[in-house]
Number of protein chains: 2
Amino acid sequence: MQLDEFDRKIIAALQEDARMPVAAIAERTALSATPVSRRLKRLEDEGLIRGYVPLLDERKLGFALDAYVLVNLDAHSDANIAGFEQAIADNPYVIACHAVTGDRDYLLHVIARDVEHLGQITLKSIVRTPGVRDVQSVIVLETIKNTRALPLE
Amino acid sequence: MQLDEFDRKIIAALQEDARMPVAAIAERTALSATPVSRRLKRLEDEGLIRGYVPLLDERKLGFALDAYVLVNLDAHSDANIAGFEQAIADNPYVIACHAVTGDRDYLLHVIARDVEHLGQITLKSIVRTPGVRDVQSVIVLETIKNTRALPLE
DNA sequence: TATGAAATAATATAGTT
DNA sequence: AACTATATTATTTCATA
C-alpha cells in the first residue's frame, strides 16, 4: 500500500477531526474537493481507514475506573481459547484484549463504574469463564497520554 | 451529566460511524435533523464527545508490532516525573501511557515497525530518559478485540 | 491516471412556530 | 421538537493535463 503526501495529509487532518468536511481537508492538502473525496473513498475501500469513532469522556459516561487485567488460562485447549475469546467478545466492559508474550496469556483493557463493578467484571464474569485460571488487575491511577493518532512518516 | 434515550442513540450511531450524517442519525433516533444537530453540538460543548478519530489499520501503515511497555522510575522526584511525562508526550510511537497500581509505575502502549524499531523506542529512547530505571516489554501476539466503543446503559 | 471546475444532489443549521 | 428556508457540503460529470 503506497501512500503519497496527499494521502498522509488527508489522514492527518482526519486524525485531528474525523468529522472534518471534505472541503476543509481539501484546503489543508492543496487539492480540490474532488480528489479528496475520491482518495478518502479509496483509503476506506482499501481498509487503511477501518472506520471513524467518537472519543468519549469515560468519566462523564460513568466509568470512573480504567484497568488492565492480566489473564492466565489453565489449559490451552482450542475449546478453552474459543470459549474465552467469545466471553471477551460478549463483554461490553472489555474494550480491548490481546494475546501477549510473557508469563500471562492475555492482556485486557477494562472499564468499570467503580471498584465494586471491576470486581464483578473480573471475579464474577472473567474468572468464571471455563479455562480461566486467574486474573490480576492493574488499576489506572492517571492517564498521561491517550491518543489514537498514529505517526505517518 | 444527564443523558436521555435520544442522546444515547446519537452516541451509539456515532460509535458505529462517526462520520455518519446528521440526517442518518436522525432517522435512527426518531428525531428530525435539527434536534440531532443541536444535541450533537451540546454533547461536544459539554465535553462528553471529546472529538472524532479514524480507526487506522496499523499494519497497513507499516506498524507490524504492538507492545505494552512497563516502566519503573528509580526516584519519584517531581523533576523525574515531569521529564518522563514530557518524553512520553513527545514520542509519537507511544499511543497511550498510564500511571498504574502494582509493582510497576507506568504502563505504555507502543506501536513499532518491527522488533528492531521497538528496541530503539524502548532502549534508545525510553530507558535513556532521566529517572527511568528499567522497562519490560510485553509483545502483542494477537489482538482479539479492539473496540473504542463504550457501553451506554 | 489524476486533477480542477462546475453542476447537481445531499446535508447542516438558523429562524419560526 | 418540527417545519421551512438558507447556507454549506458532497459527489457526479466533464474537460483537461
Side-chain angles (χ1 to χ4, degrees), chain A residues 1-62 147-153, chain B residues 1-63 113 147-153:
Chain A
M1 173 141 332
Q2 285 297 59
L3 295 183
D4 66 14
E5 206 46 51
F6 292 124
D7 293 322
R8 273 188 281 273
K9 281 183 180 170
I10 290 169
I11 294 170
L14 290 170
Q15 290 200 126
E16 279 184 43
D17 173 14
R19 276 182 81 84
M20 187 182 292
V22 170
I25 302 171
E27 262 187 66
R28 295 167 158 250
T29 51
L31 281 175
S32 69
T34 309
V36 171
S37 181
R38 287 187 185 141
R39 280 166 179 266
L40 202 48
K41 188 171 183 334
R42 201 196 73 222
L43 292 168
E44 291 165 357
D45 289 346
E46 285 174 342
L48 196 129
I49 297 175
R50 293 175 15 233
Y52 306 93
V53 295
L55 292 174
L56 302 176
D57 188 315
E58 299 177 11
R59 284 166 186 274
K60 289 182 177 160
L61 277 170
T147 174
R148 301 314 297 172
L150 302 186
L152 301 171
E153 359 71 83
Chain B
M1 173 140 336
Q2 286 297 59
L3 295 183
D4 66 13
E5 207 45 51
F6 292 124
D7 293 323
R8 273 188 282 273
K9 282 182 178 171
I10 291 169
I11 294 169
L14 291 170
Q15 289 200 126
E16 279 184 43
D17 173 14
R19 277 183 81 84
M20 187 182 291
V22 170
I25 302 171
E27 262 186 66
R28 295 168 158 250
T29 52
L31 282 177
S32 67
T34 309
V36 171
S37 180
R38 289 185 182 143
R39 280 167 180 265
L40 202 48
K41 187 170 183 335
R42 200 197 74 223
L43 293 169
E44 292 165 356
D45 289 345
E46 284 175 344
L48 196 129
I49 298 175
R50 290 171 22 230
Y52 306 93
V53 295
L55 292 175
L56 303 176
D57 187 317
E58 298 178 10
R59 285 167 186 273
K60 289 182 176 159
L61 277 170
F63 297 103
R113 271 187 273 284
T147 174
R148 301 313 298 171
L150 302 186
L152 301 171
E153 355 72 83

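Chain A is the first sequence line, chain B the second, and so forth, proteins listed ahead of strands; every chain is numbered from 1.
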| note | Residue pairs meeting salt bridge (Lys or Arg N to Asp or Glu O under 4.0 Å), one or both in residues 11-26 of chain B, sequence neighbours left out, come to B:E16-B:R28
| message | Filter on salt bridge (Lys or Arg N to Asp or Glu O under 4.0 Å), then keep only pairs touching residues 44-53 of chain A, sequence neighbours left out; what's left? | response | A:K41-A:D45, A:R42-A:E46
Atom [atom1] of [X] to atom [atom2] of [N]: distance rounded to whole Å?
X     : N      : atom1 : atom2 : value
A:L40 : D:dT12 : CG    : P     : 13 Å
A:K9  : C:dT3  : NZ    : P     : 13 Å
A:I25 : D:dT8  : CD1   : C1'   : 15 Å

| remark: Contacts of B:R38 meeting side chain to side chain donor-acceptor pair (under 3.5 Å) (sequence neighbours excluded), chain-then-number -> none
| query | If we fit an axis to the first five pairs and another to the last five of the helix from C:dT1-D:dA17 to C:dT17-D:dA1, what angle do they make, to the nearest 10°? | reply | 30°
| Nucleotide by nucleotide, 5' to 3', does protein get under 4.0 Å of the base (B), only the sugar-phosphate (S), or neither (-) in nucleotides 4-17 of chain C, counting heavy atoms? | BBB----SSBBB--
| message | Test your reading of the model: is there a side-chain donor-acceptor pair from B:T29 to the backbone of B:I25, 3.5 Å cut-off? | response | yes
| How close do A:P54 and B:L14 get, heavy atom to heavy atom, and via which atoms? | CD-O, 3.2 Å
| Considering residues at least two apart in sequence or located in another chain, which fulfil the side chain to side chain contact (heavy atoms under 4.5 Å, CB included) criterion with A:P21? | A:A24
| field | Candidate pair A:R39 and A:D4, rule salt bridge (charged side-chain N to carboxylate O under 4.0 Å, His left out), full reasoning | value | CA-CA 11 Å; A:R39 280 166 179 266; A:D4 66 14; 2.9 Å; yes
| query | Would you say the side chain of A:V53 lies within less than 4.5 Å of the side chain of B:Q15, judging by non-hydrogen atoms? | reply | no
| request: Determine the contact category for B:R39: base if any of its heavy atoms lies under 4.0 Å from a base atom, sugar-phosphate if only primed atoms, P, OP1 or OP2 are that close, otherwise nothing. | output: sugar-phosphate
